[in-house]
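Notes for the one structure printed next.
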Amino acid sequence: MVATSVKIKHEVKDLSLAPLGKQRIEWAGREMPVLRQIQERFAKEKPFAGIRLAACCHVTTETAHLAIAIKLGGGDAVLIASNPLSTQDDVAACLVEDYGISVFALKGEDAATYERHVYTALDHRPNIIIDDGSDVVAALIQHRPNQISDLIGTTEETTTGIVRLRAMLKDGVLTFPAMNVNDADTKHFFDNRYGTGQSTLDGIIRATNILLAGKNIVVAGYGWCGKGTALRARGMGANVIVTEIDPIRAIEAVMDGFRVMPMDEAATVGDIFITVTGNKHVIRAEHFESMKDGAIVCNSGHFDIEIDLKSLGAKSTDVKTVRSFTQEYHLNNGKSIIVLGEGRLINLAAAEGHPSAVMDMSFANQALACEYLVTNKGKLEPGIHSIPVEVDKEIARLKLEAMGIHIDTLTAEQIEYTNSWTSGT
Ligand code: ADE
């Protein structure tokens, strides 16, 4: 699969980075045995022959393997970034140069470029959209409704995107099938929890090089991403405080051994704040006011809306970049607040996103969800569809097999027992 950049439409930072990208993509592949098996099958069966796909994902070494799976499967794909700061420029270059895949993504692209690339993806007239956050699907519905008839369906990677799809469904505008990759067990149990947990701390450490042991780390939100982040922060020796709005999750955090309190209170004691709620302005003006001098704030939720940076800016006399992805805001009250990664996903801005071993399962789900859409073309109702449980279980089985882990199977007697109701106490 060797291509030359001349023929492939693209907008990437620097094609000379391709050899580095190739090396790093191959390294990631070592931890992605499930997706590799899917790639091998797709190469033989060509499930995407004649299908145009537009993928809006973080352009990482792991996403490269998903894009390669689609290309090997005969798909005609374009790839754009799902976040202005998450693109790995060497990966983008390699996909164009070595794999002949059209990529439109640059690390640090401005909002106008990001938006332009969303329309570039739609210009491809996709039959399948692979979305991470629902930006392409939202643009399609709002601005290119005439293209909806081209669509077989979409797949959605993340919690925020699923929340948006549900809102579209409620408004009656989701008129095509959307595969809910996020809620597959082999996705959110691992990617959202262990992936976000590890990569968020990785991002904070790479951006600041600070010691986490003994720090008060405030985790806002105790969904799967919050659970993983709190767990890993505790593992590094931090005193973890959780903030929540959901009473059940709050009890869960308490019983998992974390202190739970409102943000008003947490703001006064936290050394490091991590937002993972999916909602807006979780840390806002009144919180900045009461934070300790030198408090660090960052976000690991999908959009850069969780920290109200506008009001922080309004309270500040100046802002200085003190390290890569690390900005110090000097407040009128004499204190300073440190913001990491401009309030965007810190794990992808300052680090490399989730490790390959979890993305293996997430992207196996994506690849199989795309295949499912093609196989069931015209048969799926409009709306949000779960990944079939057999697919989810098969991904887990393949992962265990690749890890060399064997598990038990039910005996005939146990199967009979679970199917009967007559034997009790
Ligand atoms: N989302 C979080 N981590 C990621 C990664 N490594 N690649 C693609 N998408 C991601």
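FYI, the numbering just counts along the sequence from 1. The basis for the numbers below is simple: all heavy atoms, side chains too, and nothing from hydrogens, waters or symmetry mates. For ligands, and for the atoms within them, numbers begin at 1 and follow the listed sequence.
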Taking the six-membered ring for Trp, are Phe258 and Tyr222 parallel (under 30°), tilted (30 to 60°) or perpendicular (over 60°)? perpendicular
Less than 4.5 Å apart, side chain to side chain, heavy atoms only: is that true for Phe303 and Arg344? no
Side-chain donor-acceptor pair present, Glu342, Gln327, cut-off under 3.5 Å: no
For a quick check under 3.5 Å, do Asn365 and Thr186 share a side-chain donor-acceptor pair by atom type? yes
Residues forming a side-chain hydrogen bond (donor to acceptor under 3.5 Å, both in side chains) with Arg164, sequence neighbours excluded: Asp135
Parallel, tilted or perpendicular: which one describes the rings of Phe104 and His117, with boundaries at 30° and 60°? tilted
Quick one, list the residues around ligand 1 where some non-hydrogen atom comes in under 4.0 Å, by chain and residue number. His58, Thr60, Glu62, Thr63, Leu348, Glu352, Gly353, His354, Met359, Phe363
